[in-house]
Undergrad: 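Submitted below is the structure of interest, expressed as structure tokens.
Atoms within each ligand, like the ligands themselves, are counted from 1 in listed order. All values reported here derive from a predicted model rather than from experimental measurement.
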Amino acid sequence: MINKCLFPAAGYGTRFLPATKAVPKEMLPILTKPLLQYGVEEALTANITQMAIVTGRGKRAIEDHFDNSFELESQLSGTSKEFYLDEIKAMIEKATFTYVRQRQMLGLGHAILTGESLIGNEPFAVILADDLCDCSGNGVTSQLIKIYNKYQCSVIAIEEIPLTQIERYGVISGDLIDGTNNTYRVANMFEKPNSHDLIKFSEDKVDLNKAPSFMSIIGRYILTPDIFDILRNIKANKNGEIQITDALLAQAKQGRVVAHKIKGKRFDCGSVKGYLEAINHFAKKDGIS
Ligand code: UTP
């Protein structure tokens with residue numbers, strides 16, 4: 001059973017400055033809903049009700065969003081605008097929200113380790129709210145839980161990314177173990193490779209001039225709790241960040257990571273281009289033009 005979902009949401013969001021100077025990136029809206037609300041919805045549809053959020057300085061809006069707002073509620077009560085609050089109120093009723101602050105932004109791996117006190121000793125889901133996914137069937141977290149139930153090890157979500165964009169992502173290599181469910185046993189991983197790294201990573205098996213795409217990690221995971229001990233012992237990279245990819249690689253070397261190629265569309269809302277694409281996609285879906 002996966003009961004808890006961790007949302008690392010402490011990053012600076014520098015690519016969205018100045019918007020993110022006082023507003024958390026995870027609270028930027030796609031139409032009327034903040035990114036993080038989409039993430040919580042995805043967790044709820046995967047039958048997870050315990051939301052564990054890693055926040056940081058200047059991120060108080062997140063806690064206020066998932067709480068009652070008595071003044072606003074009483075102002076709107078009995079008016080024609082009352083329904084605007086229905087959706088978020090219903091969500092708050094269904095879930096519990098706990099928070100911990102990351103005091104130093106030392107990377108995603110460090111943010112996940114900071115969440116340990118909220119998770120404890122059980123497997124858990126991770127959603128990076130700035131990777132927004134829209135699936136016609138099961139949400140990505142539900143897809144990953146299905147794979148976790150079969151293999152009982154860490155599961156990462158992947159998609160094909162063109163070679164030209166690969167420097168922004170983590171790449172994986174591995175063997176297909178279930179063609180029907182697009183599942184791979186992960187053998188190797190590399191965070192944000194440059195072309196030199198890719199040649200090394202591919203061990204000359206891939207002709208980079210011909211390889212149109214690589215399997216890249218996106219912001220959805222199921223992690224087994226031994227990841228915390230591994231993260232505690234990971235050294236920071238040259239930018240001073242602790243990478244989740246390094247911890248997952250340690251599990252992968254023991255054959256304990258599988259990757260699932262997601263069914264659905266993902267938008268990189270951590271970049272302005274991806275954010276705009278997401279807004280256009282959801283506007284079209286809602287018939288707004
Ligand atoms: P990003 O790599 O997108 O970093 O983090 P960022 O700081 O949010 O954005 P830029 O690159 O400065 O524009 C991916 C996810 O990990 C979280 C972020 O909040 C985001 O959800 N994160 C990152 C943390 O919680 N803590 C960190 O130290 C770093």
Undergrad: Is there a side-chain contact (heavy atoms from CB on, under 4.5 Å) between D67 and F97? Walk through the geometry before answering.
TA: CA-CA 9 Å; D67 198 355; F97 296 87; over 6 Å; no
Undergrad: Where is the nearest protein heavy atom to atom 28 (O) of ligand 1: which residue, which atom, and how far?
TA: G107 N, 2.9 Å
Undergrad: Can a salt bridge be assigned to the pair K235 and D246 using a cut-off of 4.0 Å between side-chain N and carboxylate O?
TA: no
Undergrad: Any ion pair linking K25 and D130 (charged N to carboxylate O, less than 4.0 Å)?
TA: yes
Undergrad: Provide the number and element of each atom of ligand 1 under 4.0 Å from a heavy atom of M105.
TA: 28 (O)
Undergrad: Out of all atoms in ligand 1, which are within 4.0 Å of some heavy atom of L108? Include the element for each.
TA: 16 (O), 29 (C)
Undergrad: Could you please spell out the steps behind the side chain to side chain donor-acceptor pair (under 3.5 Å) verdict for D226 and Q251?
TA: CA-CA 9 Å; D226 57 299; Q251 289 187 329; 3.0 Å; yes
Undergrad: Is there a heavy atom of A129 sitting under 4.0 angstrom from any atom of ligand 1?
TA: no
Undergrad: Among protein heavy atoms, which lies nearest atom 21 (O) of ligand 1, and at what distance?
TA: P8 O, 2.9 Å
Undergrad: With backbone taken as N, CA, C and O and side chain as the heavy atoms from C-beta onward, which portion of L106 lies under 4.0 Å from ligand 1: side chain, backbone, both, or neither?
TA: backbone
Undergrad: How are the rings of F267 and H281 set relative to one another: parallel (under 30°), tilted (30 to 60°) or perpendicular (over 60°)?
TA: tilted
Undergrad: Is the contact between E241 and ligand 1 made by the side chain, the backbone, both, or neither, using heavy atoms and a 4.0 Å cut-off?
TA: neither
Undergrad: Please determine whether a side-chain nitrogen of the Lys or Arg among D178 and K150 lies less than 4.0 Å from a carboxylate oxygen of the Asp or Glu.
TA: yes
Undergrad: Return the closest protein heavy atom for atom 12 (O) of ligand 1 as residue, atom name and distance.
TA: T14 OG1, 2.5 Å
Undergrad: How far is atom 24 (C) of ligand 1 from the closest protein heavy atom, and which atom is that?
TA: G11 N, 3.4 Å
Undergrad: For G13, is at least one N or O under 3.5 Å away from an N or O on ligand 1?
TA: yes
Undergrad: State the atoms of ligand 1, each with its element, that fall below the 4.0 Å cut-off from a heavy-atom position in A111.
TA: 24 (C), 25 (O), 26 (N)
Undergrad: Does K261 make a cation-pi contact with Y184, if we ask for NZ or CZ under 6.0 Å from the ring centre and within 45° of the axis?
TA: no
Undergrad: So which atom in Y221 and which in L108 form the shortest heavy-atom distance, rounded to 0.1 Å?
TA: OH-CD2, 3.9 Å
Undergrad: Geometry only, no angles: is Q104 polar-contacting ligand 1 at N/O separations under 3.5 Å?
TA: no
Undergrad: Short list, please: which atoms of ligand 1 are under 4.0 Å from a heavy atom of Y12?
TA: 7 (O)
Undergrad: Closer than 4.0 Å to some heavy atom of R15 - which atoms of ligand 1 meet that?
TA: 3 (O), 9 (O), 10 (P), 11 (O), 13 (O)
Undergrad: Which residue owns the protein heavy atom closest to atom 4 (O) of ligand 1, what's the atom, and how far is it?
TA: K25 NZ, 4.1 Å
Undergrad: How far does CD1 of I147 sit from NE2 of H260, to the nearest 0.5 angstrom?
TA: 5.0 Å
Undergrad: Any carboxylate oxygen within less than 4.0 angstrom of a Lys/Arg side-chain nitrogen, looking at D86 and K89?
TA: no
Undergrad: Which of the numbered atoms in ligand 1 are under 4.0 angstrom from any heavy atom belonging to D130?
TA: 3 (O), 20 (C), 21 (O)
Undergrad: Are E26 and ligand 1 in contact, using a heavy-atom cut-off of under 4.0 Å?
TA: yes
Undergrad: List the closest protein heavy-atom neighbour of atom 26 (N) of ligand 1: residue, atom name, distance to the nearest 0.1 Å.
TA: Q102 OE1, 2.7 Å
Undergrad: To which protein heavy atom is atom 25 (O) of ligand 1 closest, and what is the distance rounded to 0.1 Å?
TA: A10 N, 2.9 Å
Undergrad: For A125 and I48, work out which heavy atoms get closest and say how close.
TA: CB-CD1, 3.9 Å
Undergrad: Can you confirm whether R266 sits close enough to E159 that some side-chain heavy atom of one is under 4.5 Å from a side-chain heavy atom of the other?
TA: yes
